[in-house]
Amino acid sequence: MAFHVLVIGGGIGGLCLAQGLKKTGISVAVYERDRTRTDRLQGYRIHIDPEGSRALHHCLPRENFDAFVATCGKPGKGLRIMTDQLQELMFIGSESPQDSIARDRSASRITLRQVLLAGLEDVIHFDKHFSRYEEGPDDRVTAHFEDGTSASGDVLVAADGVNSRIRQQLLPHARLVDTHVTGIAAKAHLLPAFNRLEGANAIQGGRGDGMFIARQEFQNPPQMLPKGIGGNDRAASIPPGFLFDNTQSYIFWAYITRREKCPVAIDDTLAPDTLLDIVAQRTAGWHAELRELIQQSDPATIAVWNIRTSVPVEHWRTTNITLLGDAIHSMTPARGIGANIALRDADLLRRKLAAAHEGNAPLLQAIEEYELEMIAYGFQAVRESAQALQMFVAEKAA
């Protein structure tokens with residue numbers, strides 16, 4: 001059965017799905033609101049777990065996956081949970097499977113985006129701000145964009161993130177809630193002073209706060225590979241600097257705090273130096289290595305965000321409009337699994353649509369099977385992530 005899929009949103013999940021559908025021989029088009037392919041650069045690392053790595057392997061062309069593996073940083077040995085005085089409380093080791101595909105990886109978000117875009121030049125349309133969809137009498141759906149254009153297809157996939165307009169139209173009862181927790185993140189050059197902070201580390205502050213720290217350590221200086229993967233993107237019209245440099249090893253941290261614990265309101269209107277000062281003040285009694293890490297951080301790399309999470313919803317009536325990733329099950333960053341769940345969604349939906357494409361299942365049945373499975377594991381991840389966040393910012397008993 002031949003059909004055409006419209007994917008709204010060119011983030012990790014949407015691009016992975018598009019790669020998988022194209023690889024399977026299914027007609028697909030991606031509509032991304034960013035003006036160019038380099039508008040969405042994010043200069044931090046991302047942890048890809050075995051499930052996410054397996055999904056990428058299934059969806060990507062062989063050369064793209066090989067480039068992804070070749071450009072990842074040194075893998076950590078696991079997660080170390082410590083006090084703010086760097087006393088180890090627990091170590092959760094990685095299983096380090098022998099499987100060369102399904103394993104933990106430390107990836108650059110910039111490089112991962114290059115990998116996911118490579119080969120989709122004939123599929124992706126930039127500067128397309130989705131406004132609404134319209135269901136037609138011929139079992140097709142039309143996506144309308146703010147520039148007055150439209151596109152029609154047989155399936156519409158919402159991959160348009162936490163503020164998904166498709167979700168708002170399809171599932172107006174699906175809500176996001178504020179966790180009353182704020183995150184401030186930055187990166188620093190990888191200095192010998194930070195050698196003790198190997199791999200991934202969760203620091204429990206005990207005053208309604210904590211910090212996640214991880215290294216992005218390249219074994220060799222990353223070089224630009226075929227298809228523009230790896231290294232610095234010369235086509236990117238961005239200012240030079242440490243934030244978007246894709247060749248230097250670094251250490252990344254994210255300070256997480258309950259908002260009511262801070263003396264001032266924290267948001268992205270505050271100057272980077274002010275945000276660093278807030279973190280320095282809140283961590284004044286922490287171990288000297290942690291204070292040094294904050295002091296050595298580049299203010300130009302700082303980011304701040306208020307953390308929200310989705311409220312689980314029951315399965316809706318299946319149509320030819322469906323959702324994946326943050327568009328349906330946005331979660332807190334506490335377990336570092338949001339992107340991996342989106343990749344799992346993409347691979348699962350690819351497999352279900354492939355079954356319909358090959359005539360092994362009706363199209364709506366394939367979408368329904370995807371939704372039922374995705375809702376179960378997706379919202380389980382939402383619940384676990386929310387619980388982990390609350391534990392992370394718990395206060396010490398008096």
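Each residue takes its place number in the sequence, starting with 1. These values consider heavy atoms only, across backbone and side chains, with no hydrogens, waters or symmetry-generated copies. The structure presented is a predicted model; accordingly, all values stated were derived computationally and were not measured.
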Stepwise side-chain contact (heavy atoms from CB on, under 4.5 Å) test for Thr257 and Val181: CA-CA 6 Å; Thr257 182; Val181 174; over 6 Å; no
Leu293 and Leu197: side-chain contact (heavy atoms from CB on, under 4.5 Å), yes or no, with the steps? CA-CA 10 Å; Leu293 173 61; Leu197 300 170; 4.2 Å; yes
Step by step, would you call Asp160 with Arg33 a salt bridge (charged side-chain N to carboxylate O under 4.0 Å, His left out)? CA-CA 9 Å; Asp160 49 344; Arg33 65 178 178 270; over 6 Å; no
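The side chain to side chain contact (heavy atoms under 4.5 Å, CB included) test with Met82 singles out one residue from Leu89, Ile203, Ile213, and that residue is Ile203. Here the options are Arg113, Glu121, Gln114, the test is side chain to side chain contact (heavy atoms under 4.5 Å, CB included), and the partner is Leu117; only Arg113 passes.
With 3.5 Å as the limit, one finds a donor-acceptor pair spanning the side chains of His329 and Asp345. Inspection of the Ser297 and Trp253 side chains reveals an N or O donor paired with an N or O acceptor under 3.5 Å. Between the side chains of Thr319 and Glu135, no donor N or O sits under 3.5 Å from an acceptor N or O. Side chain to side chain, Glu134 and His144 meet the donor-acceptor criterion of an N or O pair below 3.5 Å. A donor-acceptor pair shorter than 3.5 Å can be found between the side chains of Asn246 and Thr111. Side-chain contact, Arg140 with Ser152: no donor N or O sits under 3.5 Å from an acceptor N or O. A side-chain N or O of Ser106 and one of Gln216 form a donor-acceptor pair less than 3.5 Å apart. For the residue pair Arg215/Asn201, the side-chain donor-acceptor check at 3.5 Å is not satisfied.
Crowding of Glu314 atom CD: a count of heavy atoms from other residues, nucleotides or ligands under 6.0 Å not exceeding 12. Within a 6.0 Å sphere centred on CG of Asn360, other residues, nucleotides and ligands contribute more than 12 heavy atoms.
Between Asp209 and Arg258 there is no salt bridge, since none of the side-chain N atoms of the basic residue sits less than 4.0 Å from a carboxylate O of the acidic one. The pair Asp147-Lys128 counts as a salt bridge, with a side-chain nitrogen and a carboxylate oxygen less than 4.0 angstrom apart. Asp347 has no carboxylate O lying under 4.0 Å from a charged side-chain N of Arg344, or vice versa, which leaves the two without a salt bridge. With respect to the salt-bridge test (charged N to carboxylate O, under 4.0 angstrom), the residues Arg196 and Glu289 qualify. Salt-bridge annotation for Glu395 and Arg207: absent, with no side-chain N of the basic residue lying under 4.0 Å from a carboxylate O of the acidic one. Under a 4.0 Å N-O distance rule, the pair Arg165/Glu146 qualifies as a salt bridge.
In this structure, the side chains of Val155 and Leu6 stay at 4.5 Å or more apart for every pair of heavy atoms. Contact annotation: the side chain of Lys23 never approaches that of Leu60 to less than 4.5 Å [non-hydrogen atoms, C-beta and beyond].
Shortest non-hydrogen contact noted between Ser330 and Val382 is O-CG2, 3.8 Å. Minimum heavy-atom separation, Ala339 to Ile46: CB-CD1, 3.4 Å. Contact between Gly325 and Ala342 at its shortest, heavy atoms only, is CA-CB, 3.9 Å. Closest approach of Ala158 to Ala327, counting heavy atoms only: O-CB, 3.5 Å.
For Thr332 (side chain) and Ser385 (main-chain N/O), a donor-acceptor pair under 3.5 Å exists by modelled atom type. Although no hydrogens or angles enter the test, the distance criterion places a donor-acceptor pair under 3.5 Å between the side chain of Ser53 and the main chain of Ile101. At distances below 3.5 Å, at least one donor-acceptor pair connects side-chain atoms of Arg291 with backbone N or O atoms of Trp286.
Under the side-chain hydrogen bond (donor to acceptor under 3.5 Å, both in side chains) criterion, the residue pairs touching residues 168-178 are Asp178-Arg259, with sequence neighbours excluded.
Note on ring orientation: taking the six-membered ring where Trp is involved, the planes of Phe242 and His189 are parallel (angle under 30°, cut-offs 30° and 60°). Classification of the Tyr31-His125 ring pair by plane angle, with boundaries at 30° and 60°, yields parallel.
Between Phe145 and His129, the ring centre distance reaches or exceeds 6.0 Å.
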